[in-house]
Amino acid sequence: MISWHYLCKADLSPGKGPLYVDENGDANMEGALIARDKVGVQDFVLLDSHTSEAAFLNNLRKRYQENLIYTYIGSLLVSVNPYQELDIYTVTQMQLYRGVNFFELPPHLYAIADNAYRVMCNEYNNHFILISGESGAGKTEASKKILQYYAVTCPTTEQLQTVRDRLLLSNPVLEAFGNAKTLRNDNSSRFGKYMDIQFDFKGAPVGGHILSYLIEKSRVVHQNHGERNFHIFYQLLEGGDKDLLCWLGLERNPQKYTYLIQGRCAKVFSINDKNDWKIVRKAFSIIDFTEKDIEHLFGIVASVLHLGNIQFEEDSNEVCSDALRCLSSLGYLYFQVLSPLNVDLAFYARDAVAKAIYGRTFTWLVNKINGSLANKVGFFFEQFCINYCNEKLQQLLIEMTLKAEQEEYELEGIEWEPIPYFNNKIICDLVEQKHKGIISILDEECLRPGEATDLSFLEKLEEKVGDHAHFVTRKLADQKTRKSIDWVDFRLLHYAGEVTYCAVGFLEKNNDLLYRNLKEVLCNSKNSIMRDCFLLSELDNRRRPETVATQFKNSLTSLIEILMSKEPSYIRCIKPNENKEPGKFDDFLIRHQVKYLGLMEHLRVRRAGFAYRRKYELFLQRYKSLCPATWPHWHGPAAEGVERLIKHIGYKPEEYKLGRTKIFIRFPKTLFATEDAFEYRKHLLTTWDGGRSIKLEAFWRGALARRAAKKRTWAVQTIRKFINGFINRKKPLCPENRDFVRLSQYYYLMKLRDHLPKNVLDESWLQPPSILEEVREFQCKGLSFSHQLQQKVVTSAVFSGKKEGYLESLGQPFLETRLSEFSKPLEASLAGVEMLIPTRCFQYVTPVIKYDRNGFKARERLLVLTQSSAYVVEMAKIKQKIEYSTLKGISTSNLSDGIVVIHVPEDNKQKVGNWDTAPVSWCLK
């Protein structure tokens, strides 16, 4: 099983970057060292000044300026959002990284994904990929790329393809309901997400499971300036069809809804809500939602918008009735609830209902998807929870990195030296410790009797944790610090730096209570989703529900337990600038993220021992030319060959250690010197033994030149063939013009497909080239069955999806007449008419049923089409002659009933019969 987890997400657009290889074609880490002055090193572990933040940023900048957005810290991947399209996520790239040793190719997301997959398959253990970073750094797109990689590279069957489609399409649904535009990111995820992908013993994906954490329910009822509510509200209004909006009682204009306009940016140029709506609707059908589920789900979304428009006044019972009537129209039982609330409490109750409905519906949505698979400053409480999660994940990262390092040393028989590092357990305890931590104090204030306020909570914090080295308030701060802290603020010294929180709203958001009578209304809803979200058993439970902070703490504890049971991989995403500009590298912003993500601490832990380690076989294969004893072939154990090699090079004892299967090199400069010597040695080898390598290159260049000449010859012959076809285009179809004619036919039909008129009499039909006019007569003589099939294929390409009922017509052969289908009386009628209309003039004849205007009596007739006129025939008599030039139009039914109406002008009515209305129409079937 492979899992990944991320907190807040953003865009990581695919892009294009150079791939540096050495002269042997090697694209591995050692081969890239030859370009280190220009593009830096692929692994930060190889930085000589590994403790220097400036050196870290300089290496990151070099790579980013060359569109190299990925860099390793050991097995951890650092990813910088390029904000532009790069051609590094193709199927070819996926196949390139498939099954390749982790360090054999340049750093890439696919290398992390493939390594996790191979470790899982080979060692039969579970694995997780932890993706973290600021909003806008690229976590969402990183997770999508990993999903796409597994969808392309893993074994598949038809059943497994369904599972893959559902896994991939669960993303747009969760993004619609869980993502929103913030100041930093147009597609910021407002919930934490943990996804399991489950594989069978063959390595094929067979299912998945999603856990969500801390959906930002407060966004439903309030957005800061420049931000939007969740995407689904705008997608529904922009993309929903007219009938759906009418049924939901909605208008297309988002300015009509209080919950959508507080950020003053309902319309965003960079977001295509209409197109996103189509993707979400398609995803629902793939993920196995029923039409009833979708109907109820959108009913709930609409009910939230209607709730936001409810207003209250003092002593106005009518307003309360209107509110409940609004709920009733969307599937809730309608009865009146009277509560002694003032206006402020009434608005609080309204918003509490909206948040509860949306929050529980989101949980239901995640569970439904699971069934089918069988940061913003201002919201300080949510930010507090996210930063607490970051502390726990940083603690997990350091502990598991140390554990992995220690296990590798023990496995290789190298003595382990304890590594000093900052242990942020002291900060985690400050937040989560029982009875003494901030969460416990917050819950205590929420639950205690009496008047609890945000200020009383702040006072309680000062009383119980005021002496903690990582906690400070204005009252506890020194003279210099006091100026930067407000009276309602408190400050925590996280591992990544100081963060100031505003205590206002902590109690309210932690309680998140819903009045019992309102819960009762929701429990009795006729909407099946609401009944699943609000169970009647809740009304009998007198226990106070857990607070939001406690729920999040318990969820996080469960997550850490899950992650501790798996093998780790890490991806750290970095946002290079605030304006989403390609190529712009903001040193101040990136320095903050490097500290926030703990990258320097991780690098220090990773470099505390040895900077470079490689299996003996790989090291010997690359550098064997540096020692006469190992070049060109070493016959013996690889470990002995490496030992002989490094003695010849002159490694000092303190520069390396030899393990059981690997060589460990302590200093990057030792590796750099080895690589430089290798480059020099390659130059010498090119002139060795009479220049054999130069001769080989000459032969190869000759082969390439001959291949290019052959390609040019083919191109000349092809151009000459089409020129001859153009010259002979007016001749009958022959070998000289066949290819040119067929190409002309193809381009005309493809152009016609995109410019079909609305009816057959429309004068805007594209005029075919003269070459098609002349060839058509030649082709239509004596159409064989195979030619009919060819014409049907062409017709299908032109009309498929543009004509209702076209599928029903496919079974009918293309015939010039249907005389053989006539009944005996109709054949007799036609025989009499032949005296008036010569048979040679017939273009098409078919039996029809003519309906009288009065009473719609059905009468059998023949419809005879000639070059210039149409005739309606009955019993050897011509009942009507209609010249094409006088037609007002032809109408056809959009159903499969075969009805056609011929419209005749007023001055033709005397020729029609006894009808006295104008213009006259003939209704035929």
Polar contact flag, side-chain donor to acceptor under 3.5 angstrom, [X]-[Y]:
| X | Y | answer |
| --- | --- | --- |
| Arg63 | Thr71 | yes |
| Ser132 | Arg572 | yes |
| His127 | Asn115 | no |
| Gln95 | Thr153 | no |

Residues two or more places apart in sequence or in another chain: which of them pass salt bridge (Lys or Arg N to Asp or Glu O under 4.0 Å) with Glu617?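 None.
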Quick one: CZ on Phe619 to CD1 on Ile663, what's the gap to the nearest 0.5 Å?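 It comes to 4.5 Å.
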Looking at the rings of Phe56 and Phe44, which for Trp means the six-membered one, are their centres under 6.0 Å apart? yes
Would you please indicate yes or no on a ring centroid separation below 6.0 angstrom for His108 and Tyr72?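 No; His108 has its ring centre 6.0 Å or more from that of Tyr72.
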Tell me whether Lys624 at atom NZ has more than 12 heavy atoms from other residues, nucleotides or ligands lying less than 6.0 Å away.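 Counting neighbours around NZ of Lys624, more than 12 heavy atoms of other residues, nucleotides or ligands fall under 6.0 Å, so yes.
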Charged N to carboxylate O under 4.0 angstrom, [X] versus [Y]?
| X | Y | result |
| --- | --- | --- |
| Asp586 | Arg591 | no |
| Arg190 | Glu227 | no |
| Lys652 | Glu655 | no |

Is the positively charged end of Lys145 above the ring of Tyr89, judged by distance under 6.0 angstrom from the centroid and angle within 45° of the axis? yes
Can you list everything that forms a side chain to side chain contact (heavy atoms under 4.5 Å, CB included) with Ile649? Sequence neighbours excluded, please.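 So Ile649 forms a side chain to side chain contact (heavy atoms under 4.5 Å, CB included) with Leu626, Leu645, Tyr651, Thr674.
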